[in-house]
Amino acid sequence: MGDEGNIATSISKAAEARDHLLSNRLDQARECVTCYKDTDMYAAMAYCNIGFMQAIMTFDRENIAQSLLDIDAAMQVINSYRHKDGMFSYLMSYVKNRDFSTFTEREIHAELLYAETLLVRAVLTFAEDQDSLVSFVKGALKIKTCHSLYKEMYASISGNEAAKRADSSKGSNKIYTDEVIGGINMGWGAFLLGLSLLPPKILRLLEFVGLQGDKSLGHNLIVESEKMDILRSFVAASGLLNYETIVLQFIKREEYNSEVVDNILSKYLERYPGSVTFGFYDGRRAVISGELDKAIELYDKCEQSPIDWIQVYHLCYWEKMWCYAMLLNWEQAASFANKLFKESKWSRTLFGYQYLAFKFMSDSESADLESTATKVPKYQLKIGGKHLHIEKFAIRKARSFLANDKFLCLPGVELLYVWRFIPLMSRENKEKLLHMIETCLKDIENIVPYHTQHPLDDWFLCNLLLAVVTAELGDSEHALSLLRTALQSEDNIQVDHFYIPYAHFELGVLYAKKGEYSQARAHLRYAKEFSNKVKSYSLENRLLFRIHSTLSSLPE
């Protein structure tokens with residue numbers, strides 16, 4: 001049997017694992033490729049990907065170590081099928097792209113699989129040695145190599161119309177099949193789209209080593225890959241759903257592409273009824289549409305589906321926590337934060353603080369708040385040798401709670417703002433939020449002595465939150481007035497300096513909506529360069545992403 005038959009058989013084994021995976025049979029997915037993983041490159045890739053998923057979901061050191069061994073074994077299998085360049089070809093590859101027309105079909109697939117496995121290896125490398133910057137450097141180098149492979153394949157094959165026309169003339173013997181074209185498009189598109197979202201401060205460093213983004217081309221390539229209905233289509237579909245229902249909601253102020261989301265979910269929920277993977281995204285679709293009760297029902301349904309790895313349910317707990325917070329049901333939000341704190345290893349520091357914040361909103365006298373606050377710093381993680389910014393924020397807030405006689409100013413509302421969930425709330429609940437903030441402002445003015453040593457910081461926060469909610473309710477002029485008033489006192493902020501750039505960001509957004517683009521740019525740039533004034537501040541990175549997104553959307 002030639003290359004074509006071997007590849008078709010190999011892909012069919014991986015497709016069987018995919019079907020088990022998307023039908024919640026994760027252990028069966030692994031079992032159906034176990035016998036072939038040491039000789040078959042697609043089976044090896046499928047096996048290591050399943051282990052990678054388990055490592056990421058559990059964040060358990062043993063699972064991470066085992067996954068790395070599986071990935072390295074898969075790379076050995078895949079490497080054995082890759083094209084062997086002679087010394088001259090190897091040296092010439094440094095000055096020009098390789099000639100893929102000399103590759104067999106099997107070698108083309110091996111090259112694509114190698115790039116995919118390298119990317120998975122890079123991601124896991126960041127988590128491998130959580131206390132060392134070495135893992136960060138190693139992971140970054142692997143990503144750069146992976147980027148170069150995709151760039152080269154796209155330029156020579158997928159993005160080269162002449163190459164594709166020549167290949168099409170070969171009829172049934174063509175080597176650039178949909179699997180190849182779709183796989184290259186998906187990988188290169190993911191790089192282009194992901195890099196396009198990065199703030200200029202980061203992107204300039206990456207461009208220096210040859211990494212560049214292109215949002216439009218990247219998105220289109222992933223859409224094309226998803227429509228091809230190939231083995232990798234479900235990965236492209238998941239990537240698009242992540243982008244449309246999670247990334248855009250988190251960093252951009254624009255509508256998601258409902259047509260793309262609806263078409264993907266319609267296709268995959270019909271093909272895999274009961275799939276927790278696509279059931280989760282169905283819940284996300286309901287969340288960003290403001291249908292929070294429906295979202296909770298969909299997540300409940302996902303939790304009722306039998307699945308081999310219970311860590312998948314933690315995604316549902318996370319989403320339901322936010323749904324209840326947006327419904328102002330602080331007690332239920334605290335309950336799911338507590339479940340995550342006790343059961344999940346993703347970020348116990350963050351989950352502990354979220355429990356503290358939401359529980360404080362429902363019962364500020366709860367007996368376990370103090371003990372929870374003391375535990376928050378104990379579980380701090382490092383990824384690639386660096387502490388997570390959101391965990392540093394959580395620790396600082398928990399310590400503030402202990403230092404200020406067990407008091408925080410609207411911590412649950414602040415979290416809703418930080419994670420950009422306020423825009424998704426109903427008008428009725430936004431109005432309730434408005435009343436809550438106004439009550440807190442009156443307390444700051446009337447309670448003597450105030451709960452904390454820094455009442456102006458809390459006053460600034462309340463005005464920032466009030467402006468955001470007021471703007472969401474349609475009164476942009478009042479929101480502008482609130483922000484301008486607050487910023488008159490920015491030099492007097494003593495602890496929570498991050499409120500200042502966030503307020504300037506909100507001002508920039510409001511001016512942009514009014515069409516006053518010079519004012520918008522001035523405030524957005526002030527926010528972007530605020531770290532030059534205070535060196536660093538809480539939650540800086542997420543704000544830089546949002547500033548970049550907003551500035552990019554302004555007309556020239």
Would you tell me whether Glu540 and His389 have side-chain atoms, one donor and one acceptor, within less than 3.5 Å of each other? no
For the CE atom of Met186 and the CD1 atom of Ile184, what is their distance to the nearest 0.5 Å? 11.0 Å
Main chain of Arg82, side chain of Lys84: is a donor-acceptor contact present, judged purely on distance under 3.5 Å? yes
Test Leu197 against Tyr243 for side chain to side chain contact (heavy atoms under 4.5 Å, CB included), laying out the working first. CA-CA 11 Å; Leu197 300 174; Tyr243 176 73; 4.1 Å; yes
Kindly give the heavy-atom pair with the smallest separation between Arg18 and Leu231, and that separation in Å. NH1-CA, 3.8 Å
Checking Tyr502 side chain against Leu539 main chain: does a donor-acceptor pair fall under 3.5 Å? yes
Heavy-atom nearest pair, Cys48 first then Thr117, reads SG-CG2, 4.3 Å
Has the side chain of Ser233 got a donor or acceptor atom that lies under 3.5 Å from a matching backbone atom of Ser225? yes
Could you tell me if the side chain of Val287 sits less than 4.5 Å from the side chain of Gln249, heavy atoms only? no
Can we say Arg25 and Asp19 salt-bridge, meaning some charged N sits less than 4.0 Å from an Asp/Glu carboxylate O? no
Over all heavy atoms of both residues, which pair between Gly183 and Tyr150 is shortest? Give the atoms and the distance, please. O-CE2, 3.9 Å
Backbone N or O of Arg285 within a donor-acceptor pair of the Thr245 side chain at under 3.5 Å? no
Report yes if the side chains of Leu112 and Arg232 come closer than 4.5 Å at any heavy-atom pair, otherwise no. yes
Would you tell me whether Tyr417 and Glu506 have side-chain atoms, one donor and one acceptor, within less than 3.5 Å of each other? yes
OH/Tyr81: more than 12 non-hydrogen atoms of other groups inside 6.0 Å: yes
Which heavy-atom pair separates Ala237 from Ile264 by the least distance, and what is that distance? CB-CG2, 3.7 Å
Pairwise distance OG1(Thr104) to NE2(His83) - rounded to 0.5 angstrom: 8.5 Å
Please report the closest heavy-atom contact between Gly213 and Leu195, naming both atoms and the distance. CA-CB, 3.7 Å
Does any N or O in the side chain of His548 come within less than 3.5 Å of the main-chain N or O of Ser196, such that one atom is a donor and the other an acceptor? yes
Is there side-chain contact between Leu21 and Met53, with heavy atoms separated by less than 4.5 Å? yes
Using the side chain to side chain contact (heavy atoms under 4.5 Å, CB included) rule, take Leu221 and Tyr154 through it: C-alpha gap first, then chi angles, then the decisive distance, then the call. CA-CA 11 Å; Leu221 288 174; Tyr154 180 76; 3.9 Å; yes
Is the side chain of Ser266 donor-acceptor paired with the backbone N or O of Asn263 at a distance under 3.5 Å, no angle test? no
Exam field: side chain Asp178 to backbone Ile230, donor-acceptor pair closer than 3.5 Å: no
Between Glu319 and Arg284, is there a donor-acceptor pair closer than 3.5 Å when you use the side chain of the first and the backbone of the second? no
If we ignore hydrogens and angles and just use 3.5 Å, is the side chain of Ser549 paired with the main-chain N or O of Phe545 as donor and acceptor? no
Row check, Phe351 ring normal vs Arg348 NZ/CZ: under 6.0 Å, within 45°: no
What are the two closest heavy atoms between Ala115 and Cys146, and how far apart are they? O-SG, 3.2 Å
Less than 4.5 Å apart, any side-chain heavy atom of Arg546 and any of Phe250? yes
Are any non-hydrogen side-chain atoms of Arg121 and Asp72 less than 4.5 angstrom apart? yes
Hey, would you say the Tyr317 and Tyr313 ring centroids sit under 6.0 Å apart? no
Donor on one side chain, acceptor on other, Gln66 and Asp70, under 3.5 Å: yes
Do Glu152 and Trp188 touch side chain to side chain, with heavy atoms closer than 4.5 Å? no
Rounded to the nearest 0.5 Å, what separation is found between the CD1 atom of Ile64 and the CG atom of Leu69? 12.5 Å
Partner set under ring pair (Phe, Tyr, Trp, His ring centres under 6.0 Å) for Tyr526, not counting sequence neighbours: His504
Ile157 side chain reached by Ile181 side chain, heavy atoms, under 4.5 Å: yes
Please tell me if the side chains of Phe278 and Leu241 come closer than 4.5 Å, counting only heavy atoms from C-beta onward. yes
Run Leu26 and Arg30 through side chain to side chain contact (heavy atoms under 4.5 Å, CB included) and show every step you take. CA-CA 7 Å; Leu26 308 185; Arg30 198 200 311 256; over 6 Å; no
Let me see the working for Glu105 and Glu179 under side chain to side chain contact (heavy atoms under 4.5 Å, CB included), right down to the final yes or no. CA-CA 11 Å; Glu105 180 185 14; Glu179 281 291 349; over 6 Å; no
Would you check, one step at a time, whether the test side-chain hydrogen bond (donor to acceptor under 3.5 Å, both in side chains) holds for Gln380 with His387? CA-CA 7 Å; Gln380 189 176 21; His387 289 297; 3.3 Å; yes
Who are the side-chain contact (heavy atoms from CB on, under 4.5 Å) partners of Asn242, not counting sequence neighbours? Ile246, Tyr281
For the residue pair Gln54 and Ser67, confirm or rule out a side-chain donor-acceptor distance under 3.5 Å. no
Donor-acceptor pair between Lys13 and Thr9 side chains, under 3.5 angstrom: no
Tell me yes or no: between the side chains of His109 and Tyr42, is some donor less than 3.5 Å from an acceptor? yes
Tell me whether the rings of Trp419 and Trp322 are parallel (<30°), tilted (30 to 60°) or perpendicular (>60°). tilted
